[in-house]
Amino acid sequence: MFFYIGILSVSCDDLVDKDDPNELTGAQSDMGLVGVNVHSSSSDIAGVSDFSATIESLENGISSYTAQATITNTILKNMISNFPGVVIDGNTVSIDNFQIKQTTDGIKCLTGPFAGVLVNYDSSVGDTYNTGTAGKVRKVVSKTGQDDYPYGFYLIKTIQVESTVGNSNLVSGISKITYIANHRFGMVGVKIDFEDGTSTTFPIYTSAEN
C-alpha cells in the first residue's frame with residue numbers, strides 16, 4: 001500500500017471549509033470498509049510482485065491496512081523504508097497500520113512522508129493539494145471526462161494527480177509520482193517516473209466500489 005497508493009484524521013466534514021482542497025468531504029466509501037482487499041497485477045512490474053493489502057479496521061473514517069509485496073527494485077525499496085511500520089526482510093516488504101481516508105469525494109493518505117490528499121474527484125485541472133515532507137505539492141494534471149483509460153475489461157474516465165518529488169533524499173532515484181483515479185473505482189493506478197528517464201505504471205484493483 002506504501003507506494004501504490006502513496007506508489008492509498010478524524011473525520012470533521014461538518015467543521016472544515018467545503019472548498020478547502022486539502023480536506024475531504026463526502027460519505028464513507030465502501031472502498032474503506034473492513035475486509036476490502038487491494039491488489040495489483042500478478043506479473044512482476046519493475047521489480048514488484050505479489051502485492052496485496054487488506055483493511056483490518058475502520059475508525060472515525062480512517063481505514064487501517066496491512067500490506068505485503070515482493071520487491072527487488074532497490075529504488076522503490078528505499079522509498080518504502082521511509083514509512084513507519086515497514087518491515088523489510090530481504091525482498092519481502094510488509095507494513096501494518098497504513099492509514100487511508102476514503103470518502104465518496106476522494107482519497108487522503110495519513111501515514112508517512114506522502115501524507116495528504118491524493119485525489120479529490122471534484123478537482124479541476126490545475127488544482128493543487130498540500131503534500132508531506134517528501135514533496136512540494138500535488139497538482140491535477142489531467143481530467144479526461146471520457147472513457148479512454150484501460151482498466152480491466154473497461155475503458156474509464158480518470159483524474160490524474162502529479163507529485164514532483166525530485167531532489168528529495170526520501171525518494172532518491174524518483175522524479176515524479178502520478179496518482180490515477182476514478183470516481184467509481186478509486187485509485188486505479190500509480191505511475192512512477194524515475195530520474196533515469198524511464199517510467200512504469202502499477203495498476204490497482206480494489207474489491208469494492210464507491
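Numbering of residues begins at 1 and proceeds along the displayed sequence. Keep in mind the model is a prediction, meaning the values are calculated, not measured.
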Exercise for the section: Determine, using the 4.5 Å side-chain heavy-atom cutoff (strictly less than), whether Ile177 and Val188 are members of one ILVMFWY cluster. Expected result: no
Exercise for the section: Step by step, work out the side-chain hydrogen bond (donor to acceptor under 3.5 Å, both in side chains) result for Ser175 and Asp193. Expected result: CA-CA 6 Å; Ser175 62; Asp193 284 88; 5.4 Å; no
Exercise for the section: Flag the pair Ile62 / Leu58 as yes when at least one side-chain heavy-atom distance between them is below 4.5 Å, and no otherwise. Expected result: no
Problem - Side-chain heavy atoms of Ser163 within contact of Tyr179, under 4.5 Å - result: yes
Practice task
Please check if the side chain of Ser41 supplies one atom and the backbone of Ser43 the other of a donor-acceptor pair under 3.5 Å.
Solution key: yes
Exercise for the section: List in chain and number order the residues that pass side-chain hydrogen bond (donor to acceptor under 3.5 Å, both in side chains) with Lys77, two or more places apart in sequence or in another chain; answer none if no residue qualifies. Expected result: Asn91
Problem - Under the side-chain hydrogen bond (donor to acceptor under 3.5 Å, both in side chains) test, residues paired with Thr111 that sit two or more places apart - result: none
Handout entry: Residues in side-chain contact (heavy atoms from CB on, under 4.5 Å) contact with Asp105, at least two apart in sequence or another chain
Key = Thr25, Thr103, Asp122
Exercise for the section: Supply the atom-to-atom distance Tyr205 OH to Ser40 OG, rounded to the nearest 0.5 angstrom. Expected result: 7.0 Å
Problem - For the student: nearest non-hydrogen atoms of Met31 and Val36, plus distance - result: O-CG1, 3.6 Å
Exercise for the section: Might you work through the side-chain contact (heavy atoms from CB on, under 4.5 Å) test for Thr201 and Ser199, ending with a clear yes or no? Expected result: CA-CA 7 Å; Thr201 299; Ser199 65; over 6 Å; no
Practice task
Decide whether Ile45 and Ile75 are clustered together by the hydrophobic rule: side chain heavy atoms of Ile, Leu, Val, Met, Phe, Trp, Tyr closer than 4.5 Å, transitively.
Solution key: yes
Exercise for the section: In sequence, state the C-alpha distance, the side-chain angles, and the governing distance for Tyr129 and Val137, and then conclude on side-chain contact (heavy atoms from CB on, under 4.5 Å). Expected result: CA-CA 6 Å; Tyr129 322 129; Val137 296; over 6 Å; no
Handout entry: Side-chain H-bond candidate by donor/acceptor type, Asn210 with Thr104, under 3.5 Å
Key = no
Handout entry: Check against side-chain hydrogen bond (donor to acceptor under 3.5 Å, both in side chains), Glu56 and Thr66
Key = CA-CA 7 Å; Glu56 301 293 343; Thr66 60; 3.0 Å; yes
Exercise for the section: Taking Asn73 for its side chain and Ala46 for its backbone only, find out whether a donor-acceptor pair lies under 3.5 Å. Expected result: yes
Completion exercise
Rounding to 0.5 Å, atoms CD1 (Ile71) and OG (Ser49) come to a distance of 8.5 Å
Practice task
Could you tell me which non-hydrogen atom of Ala208 sits nearest to which non-hydrogen atom of Asp30, and how far apart they are?
Solution key: CB-O, 3.7 Å
Contacts table for residues 150-160: side-chain donor-acceptor under 3.5 angstrom, sequence neighbours left out:
{"from": "Tyr151", "atom 1": "OH", "to": "Ile204", "atom 2": "O", "distance (Å)": "3.0"}
{"from": "Lys157", "atom 1": "NZ", "to": "Asp147", "atom 2": "OD1", "distance (Å)": "3.3"}

Exercise for the section: With rounding to the nearest 0.5 Å, note down the distance linking NZ in Lys143 to OG in Ser123. Expected result: 6.5 Å
Exercise for the section: Supply the atom-to-atom distance Gln102 CD to Cys109 SG, rounded to the nearest 0.5 angstrom. Expected result: 11.0 Å
Exercise for the section: Not counting sequence neighbours, which residues clear side-chain contact (heavy atoms from CB on, under 4.5 Å) with Asn37? List them please. Expected result: His39, Ser52, Thr54, Ser207
Practice task
Test side-chain contact (heavy atoms from CB on, under 4.5 Å) on Lys176 and Ile174 and set out the steps.
Solution key: CA-CA 6 Å; Lys176 184 167 57 179; Ile174 296 174; 5.9 Å; no
Exercise for the section: Say whether Tyr149 and Val119 are linked into one hydrophobic cluster, either directly or through other cluster members, by side-chain heavy-atom distances under 4.5 angstrom. Expected result: no
Practice task
Could you check if a side-chain atom of Val117 sits within less than 4.5 angstrom of a side-chain atom of Ile107, using non-hydrogen atoms only?
Solution key: no
Practice task
Would you name the heavy atoms of Phe202 and Ile192 that are closest together and state the gap between them?
Solution key: CE1-CG1, 3.7 Å
Exercise for the section: Give the C-alpha distance, both sets of side-chain angles, the deciding distance and a yes or no for salt bridge (charged side-chain N to carboxylate O under 4.0 Å, His left out) between Arg138 and Glu162. Expected result: CA-CA 5 Å; Arg138 297 188 176 110; Glu162 181 181 288; over 6 Å; no
Exercise for the section: Would you please name every residue forming a side-chain hydrogen bond (donor to acceptor under 3.5 Å, both in side chains) with Asn182, sequence neighbours left out? Expected result: none
Practice task
Go through the structure and list residues passing side-chain contact (heavy atoms from CB on, under 4.5 Å) with Thr198, not counting sequence neighbours.
Solution key: Phe194, Asp196
Problem - Inter-residue atom distance Lys101.NZ - Asn60.CG, 0.5 Å rounding - result: 10.0 Å
Problem - Pairs satisfying salt bridge (charged side-chain N to carboxylate O under 4.0 Å, His left out), at least one member in residues 182-191, at least two apart - result: Arg184-Glu209
Exercise for the section: Determine, stepwise, if the pair Val87 / Ile95 fulfils side-chain contact (heavy atoms from CB on, under 4.5 Å). Expected result: CA-CA 6 Å; Val87 175; Ile95 188 172; over 6 Å; no
Exercise for the section: Apply side-chain hydrogen bond (donor to acceptor under 3.5 Å, both in side chains) to Asp96 and list each qualifying residue two or more places apart in sequence or on a separate chain. Expected result: none
Fill in the blank from the handout: Taken to the nearest 0.5 Å, the spacing of Leu33 CG from Ser63 OG works out to 7.0 Å
Exercise for the section: Report yes or no: do Val161 and Phe185 belong to one cluster of Ile/Leu/Val/Met/Phe/Trp/Tyr joined by side chain heavy-atom distances under 4.5 Å? Expected result: no
Practice task
Report whether Met187 and Tyr121 are members of the same hydrophobic cluster (ILVMFWY, side-chain heavy atoms less than 4.5 Å apart, transitive linking).
Solution key: yes
